[in-house]
Amino acid sequence: MGLGVFQKIIKKHLMEGEMIAGKSIGIKIDQTLTQDTTGTMVYLEFEALRIPHVKTELSVSYVDHNLLQNDYKNADDHRFIQSSASKYGAYFSRPGNGICHQLHLERFSVPGKTLLGSDSHTPTCGGIGMIAIGAGGLDVALAMAGNPFYMKMPQIVNVILTGKLKPFVSAKDIILYLLKKMSVKGGINKVFEFTGSGLRSLSVSERATITNMGAELGATTSIFPSDNMAYEFMKLQKRENDWVEIIADKDAVYDQNFEINLDSLEPMIAQPHSPDNVVKIRDIAGIKVDQVAIGSCTNSSLSDLMKIASLLKGRRIHPEVSVALNPGSRQVVRELVRRGALDWLLSAGVRILEMGCGPCIGIGFSPRSKGVSLRTYNRNFPGRSGTKDAQIYLVSPESAVAAAITGKITDPRDLGMKYPKIDVDKPFIINDSMIIPPSKLPDSVKIEKGPNIISIPLKSSLSNYIQAKVQLKLDNNISTDDILPAGTEIMSLRSNLPKISEYTFRYVNPDFFQIMKKEKTGIIVGGENYGQGSSREHAALTVMYLGIKTIIVKSFARIHRDNLINCGILPLLFKHEKDFDRIEQGDVLAFETSHLKSVNIEITNISKNFVFEALHDLNEREKTIVKAGGILPHYQSKKLD
Ligand code: MIC
Ligand code: SF4
């Protein structure tokens with residue numbers, strides 16, 4: 001039986017388990033990446049593991065998210081990360097170099113390798129034929145320490161692309177279409193592998209837009225073959241020696257097939273407040289737009305930005321629209337400069353922001369109250385832009401330009417413009433001067449910890465009896481942005497658990513912190529796909545720190561479930577979903593954990609006097625971790641044995 005690309009790479013990296021969908025497997029991780037707002041924790045965790053040096057082939061530490069240095073906090077974080085990377089053996093990408101996913105694709109991606117990143121959009125590198133997976137910080141710290149990464153062997157969805165995109169329809173429209181069809185939970189425990197004749201016309205950058213936003217499907221990852229397109233990309237990066245061909249066998253077997261005819265696609269748009277709330281642009285054309293944001297890790301390739309610049313060349317942005325660009329990398333910006341395209345953007349009236357995440361997580365360029373913002377980004381969860389009542393829409397670069405020119409949501413085909421021919425085939429300018437290699441004398445490097453860097457407190461082991469109040473009852477699709485919001489103020493506390501905990505569920509229930517401070521224990525009840533979105537393990541760590549013992553939901557998002565386990569919080573599932581409706585916020589629940597011996601757990605609702613069943617789906621390894629109180633206590637006790 002033939003194998004697909006994902007299976008071929010897994011087979012080469014399998015350390016534990018079997019390649020059977022749904023079974024737990026452990027795979028070798030070749031490369032890791034971290035970014036600043038998850039990276040401080042990763043390095044504190046790596047330190048707690050007491051391993052002197054990373055054991056991966058390559059680890060890179062990026063600073064790209066919280067670049068504002070309003071006071072000492074971010075600057076201290078950056079310094080801590082830089083000194084830790086140098087000591088422990090990771091490359092350090094300096095603030096200002098660009099966004100981790102764009103940079104990793106450009107400078108470090110290697111087809112056939114595995115990459116684990118403490119950021120949910122790590123699958124971007126799947127565009128070149130790597131298995132690139134987003135995970136919580138503790139899992140990345142463990143991978144840096146040479147441990148396998150454990151996950152459920154996902155089901156593989158074969159997305160067969162046929163035909164060719166029409167002018168003004170682009171890769172972003174493919175992934176928005178998939179989100180419309182499959183929803184933000186349609187990819188849980190699945191991998192999307194792309195095949196078919198339609199691949200021939202999709203460049204690696206376009207593929208990377210799709211794999212990047214596969215994260216929004218809840219997928220474990222997404223992957224394209226490493227074919228001639230991948231070779232061409234690596235050649236432009238002067239890294240063709242790292243290229244290997246990896247294509248699916250003709251008789252490869254997949255768990256599911258899904259066909260998309262690219263000829264039939266139209267420009268799409270995700271409406272507020274979810275990436276899967278997708279319609280055709282034409283259906284909502286005419287809505288007045290206040291701002292347009294271009295760039296981010298989703299649409300920052302040279303071809304995306306050249307398209308935008310070429311369409312804006314000689315034109316002026318609508319006077320009532322503010323347009324900003326946060327480019328993905330220095331390389332892309334220098335290429336724009338080389339082609340004169342930065343000037344076209346500037347003269348059209350585009351505001352050029354720093355090369356980093358910026359507005360994507362509410363760091364600058366927040367919309368006005370109730371403002372309508374069109375973004376080429378990947379997420380539009382409520383409040384993420386920094387303005388709670390803003391209306392955020394997600395679109396392709398072409399559709400962003402159309403709104404920038406007309407001042408309203410516009411199908412770019414209605415601009416009546418000729419689709420620009422762009423030249424992106426010259427070898428790229430290579431300049432890695434903002435990537436600092438690790439120290440050759442690690443013993444002499446001192447890790448610099450400013451006052452905002454606080455070591456992680458450890459949790460005690462799982463008690464056999466839990467009795468606590470339901471402190472929050474929540475709906476479906478609660479994101480980690482709901483649990484622990486982003487934004488510059490909160491993100492600068494990512495290395496300070498006691499302080500950042502004060503912001504937990506800030507916009508969902510502003511009293512949550514005060515309640516937990518008083519009550520010191522509790523349970524959270526939620527619906528489907530709880531914890532979707534960002535990989536930030538702080539959404540589990542703060543909840544653990546405040547005393548939440550267990551979370552009972554209809555279903556979990558993958559990374560957040562793993563983060564809860566790693567933090568020693570018991571993730572439980574309703575056995576019968578209807579029991580969700582019988583529980584109210586404030587009810588007191590009680591149950592014996594019985595050392596998690598049985599999958600079924602009987603829970604008594606003391607306040608309403610009934611019993612319902614929940615279950616855990618923890619494997620042996622996960623049970624041991626939860627019982628120990630999380631990965632760190634587990635790991636430390638193992639070392640003491
Ligand atoms: C995001 O896009 O939500 C982030 C900010 O990049 C997060 C990481 C974080 O919260 O630090 C992610 O995607 O994992
Ligand atoms: Fe940065 Fe936004 Fe990409 Fe997250 S999604 S890595 S915040 S640009």
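Order of listing sets the numbers, starting from 1, for every ligand and every atom in it.
- When only non-hydrogen protein atoms are considered, atom 8 (C) of ligand 1 lies nearest to Gln35 NE2, 3.2 Å.
- Each of the following atoms of ligand 1 lies closer than 4.0 Å to a heavy atom of His65: 4 (C), 5 (C), 6 (O).
- Side-chain contact check for Val279 versus Gln271: some heavy-atom pair is nearer than 4.5 Å.
- Atom 2 (Fe) of ligand 2 has no N, O or S atom of Cys297 under 2.8 Å away, backbone or side chain.
- Of the N or O atoms in Thr38, none lie within a sub-3.5 Å distance of an N or O in ligand 1.
- Atoms of ligand 1 found under 4.0 Å from any heavy atom of Arg494, numbered from 1 in the order shown, are 9 (C), 10 (O), 11 (O).
- Using cut-offs of 30° and 60° on the angle between ring planes, the pair Tyr88 and Tyr43 is parallel.
- Residues Thr504 and Phe513 fail the side-chain proximity criterion, which asks for heavy atoms closer than 4.5 Å.
- For the pair Ile133 and Thr220, the minimum side-chain heavy-atom distance is below 4.5 Å.
- The protein heavy atom nearest to atom 2 (Fe) of ligand 2 is Cys360 SG, 2.3 Å.
- In this structure, the protein non-hydrogen atom closest to atom 7 (C) of ligand 1 is Ser534 OG, 3.2 Å.
- Remark: ligand 2 atoms within the under-4.0 Å shell around heavy atoms of Ile361 are 7 (S).
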Determine whether Asp304 and Lys307 satisfy the following criterion, salt bridge (Lys or Arg N to Asp or Glu O under 4.0 Å), listing intermediate values before the conclusion. CA-CA 5 Å; Asp304 282 341; Lys307 260 188 293 191; 3.6 Å; yes
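- Looking only at protein heavy atoms, the nearest one to atom 10 (O) of ligand 1 is Arg536 NE, 2.6 Å.
- Residues Val184 and Ser274 are in side-chain contact: their nearest non-hydrogen atoms beyond the backbone lie under 4.5 Å apart.
- Interface atoms of ligand 1 facing Thr37, defined by a heavy-atom separation under 4.0 Å, are 9 (C), 11 (O).
- Counting heavy atoms from C-beta outward, Asn147 and Asp139 have side chains that stay 4.5 Å or more apart.
- Judged purely by distance below 3.5 Å, without hydrogens or angles, the side chains of Glu216 and His121 pair a donor atom with an acceptor atom.
- Side-chain atoms of Gln102 and Ser300 include no donor-acceptor pair closer than 3.5 Å.
- Between Ser373 and Val292, every side-chain heavy-atom pair lies at or beyond the 4.5 Å cut-off.
- For ligand 2, the atoms closer than 4.0 angstrom to any heavy atom of Asn378 are 5 (S).
- Of the candidates Arg379, Met491, His121, it is Arg379 that places a heavy atom closest to atom 1 (C) of ligand 1.
- Residue contact annotation: Met213 has no non-hydrogen atom under 4.0 Å from ligand 2.
- The contact set between ligand 1 and Ile361, taken as ligand atoms under 4.0 Å from a residue heavy atom, comprises 5 (C).
- For a threshold of 3.5 Å applied to N or O pairs, the pair formed by Ser118 and ligand 1 contains no separation below that value.
- Contact annotation: the side chain of Gln331 approaches that of Gln237 to within less than 4.5 Å [non-hydrogen atoms, C-beta and beyond].
- Aromatic ring centres of His560 and Phe556 lie farther apart than the 6.0 Å criterion allows.
- Of all atoms in ligand 1, numbered sequentially from 1 with element shown, those under 4.0 Å from a heavy atom of Ser535 are 12 (C), 14 (O).
- Closest to atom 4 (Fe) of ligand 2, if we only count protein heavy atoms, is His65 NE2, 3.8 Å.
- Under the 4.5 Å side-chain criterion, counting only non-hydrogen atoms from C-beta, Leu176 is in contact with Met213.
- Remark: the Thr209 side chain and the Thr298 side chain contain no N/O donor-acceptor pair separated by less than 3.5 Å.
- Scanning the protein heavy atoms around atom 13 (O) of ligand 1, the nearest turns out to be Ser120 OG, 2.5 Å.
- For the 3.5 Å distance criterion, the side chains of Tyr377 and Asn212 fail to qualify, holding no donor opposite an acceptor.
- Contact annotation for Arg384 and ligand 1: only side-chain heavy atoms (C-beta onward) come within less than 4.0 Å of the ligand.
- Within ligand 2, counting atoms from 1 as listed, the ones closer than 4.0 Å to a heavy atom of Asp119 are 6 (S).
- Every atom of ligand 2 is numbered from 1 in the order shown, and the set under 4.0 Å from a heavy atom of Arg384 is 2 (Fe), 5 (S), 7 (S).
- Proximity to His101 (heavy-atom distance under 4.0 Å) selects the following atoms of ligand 2: 6 (S).
- Contacts between Asp119 and ligand 1 below 4.0 angstrom, taking non-hydrogen atoms only, involve backbone and side chain alike.
- The nearest heavy-atom contact from the protein to atom 1 (Fe) of ligand 2 is Cys357 SG, 2.3 Å.
- The shortest N or O to N or O distance between Asp481 and ligand 1 is not below 3.5 Å.
- When non-hydrogen atoms are compared, ligand 1 lies under 4.0 Å from neither the backbone nor the side chain of His538.
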